[in-house]
Amino acid sequence: MQPFTERVVTIIKAIPEGKVMTYGQIAREAGSPRAARQVVRVLHSMSRKHRLPWHRVVNTKGQIAIQDDESHQEQLFSLESEGVEIGLNGIIDLEKYQYHPSDF
DNA sequence: GCCATGGCTAGTA
DNA sequence: GCCATGGCTAGTA
């Protein structure tokens with residue numbers, strides 16, 4: 001596993017229950033501000049193997065980014081069951097639910 | 001080439 | 001709706 005990937009995995013693992021982080025935010029925390037798509041890559045390819053809380057990652061607008069219906073529903077359900085509220089517009093209030101790691 | 005993003009800007013190469 | 005972004009991998013030489 002490459003250093004960047006390792007950092008991304010570590011960061012994602014540290015997102016607490018009931019909180020979310022953003023693709024771009026994770027990329028920044030990992031030291032590569034424009035590497036949001038790499039965060040996507042990591043989530044897509046390593047979520048199972050590393051048991052990542054992949055459902056706690058949303059886009060910068062606070063929306064579930066995943067397109068596939070089944071996965072989309074699963075993410076929605078997982079978040080709601082952790083107490084994350086999702087509006088009828090599909091938007092999560094980031095002011096309220098975004099996790100800001102202070103230590104890394 | 002992939003990818004579940006992010007930003008939405010204007011002048012230069 | 002468009003397009004620059006970038007770390008990584010598969011596949012080729």
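Every chain is numbered from 1, with letters handed out A, B, ... down the list of sequences.
- None of A:Gln25, A:Arg28, A:Met21 except one satisfies the side chain to side chain contact (heavy atoms under 4.5 Å, CB included) rule with A:Ile11; the exception is A:Met21.
- Taking atom OH of A:Tyr23 as the reference point, atom C1' of B:dG6 lies 12 Å away to the nearest angstrom.
- Each of A:Phe77 and A:Ile86 belongs to its own hydrophobic cluster when Ile, Leu, Val, Met, Phe, Trp and Tyr are linked at side-chain heavy-atom distances under 4.5 angstrom.
- Of the nucleotides present, none pairs with B:dA4 by Watson-Crick or G-U wobble criteria with both distances under 3.5 Å.
- Note on A:Arg41: a base of the nucleic acid sits closer than 4.0 angstrom, heavy atoms only.
- Separating the CD1 atom of A:Ile26 from the C1' atom of C:dG7 is a distance of 15 Å, rounded to the nearest angstrom.
- Remark: C1' of B:dC2 and NE2 of A:His44 are 9 Å apart, rounded to the nearest angstrom.
- In this model, a donor atom of one side chain and an acceptor atom of the other lie less than 3.5 Å apart for A:Arg41 and A:Thr5.
- Following chains of ILVMFWY side-chain contacts shorter than 4.5 Å, one can reach A:Met1 starting from A:Val42, so the two form part of one hydrophobic cluster.
- For A:Phe4, whose side chain is taken as the heavy atoms from C-beta onward, the closest listed nucleotide among C:dG7, B:dA4, C:dT5 is C:dG7.
- With C:dA4, C:dG7, B:dA4 as the choices, the nucleotide that has an atom nearest any side-chain atom of A:Thr5 turns out to be C:dG7.
- Rounded to whole Å, the distance from CZ on A:Arg37 to P on B:dG7 is 13 Å.
- Note: CZ (A:Arg7) to P (C:dG7) measures 10 Å, nearest angstrom.
- When rounded to the nearest whole Å, the span between CZ of A:Arg28 and C1' of B:dT5 equals 12 Å.
- A salt bridge links A:Arg56 with A:Glu82: the distance from a Lys NZ or Arg NE/NH1/NH2 to an Asp or Glu carboxylate oxygen falls below 4.0 Å.
- Distances were taken from every side-chain heavy atom of A:Thr22 (C-beta onward) to each of C:dA4, B:dG6, C:dG7; the shortest belongs to B:dG6.
- Nearest nucleotide to the A:Thr60 side chain, out of C:dA4, C:dG7, B:dG7: B:dG7.
- Residue contacts shown for A:Ser45 are absent, as no nucleic acid heavy atom lies under 4.0 Å away.
- With rounding to whole Å, A:Ile12 atom CD1 is found 11 Å from B:dA4 atom C1'.
- Checking A:Glu6 against A:Lys61, the closest nucleotide of DNA chain C that is more toward the 5' end is the one next to A:Lys61.
- On a pure distance criterion of 3.5 Å, no polar donor-acceptor pair joins the side chain of A:Arg34 and the base of C:dT5.
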> Going through the distances and angles, do A:Glu85 and A:Tyr97 end up as a side-chain hydrogen bond (donor to acceptor under 3.5 Å, both in side chains)?
Replying inline: CA-CA 9 Å; A:Glu85 298 173 289; A:Tyr97 293 108; 2.8 Å; yes
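- Taking atom C1' in both B:dA13 and C:dA4, the straight-line distance is 15 Å, to the nearest Å.
- Comparing atom distances between the A:Asn59 side chain and each of C:dC8, B:dA4, B:dG6 picks out B:dG6 as nearest.
- A 3.5 Å limit on both hydrogen-bonding distances identifies no Watson-Crick or G-U partner for C:dG11.
- Nucleotide B:dA4 holds its P atom 10 Å from the CG atom of A:Leu43, rounded to whole Å.
- At the heavy-atom level, A:Ser71 lies nowhere under 4.0 Å from the strands shown.
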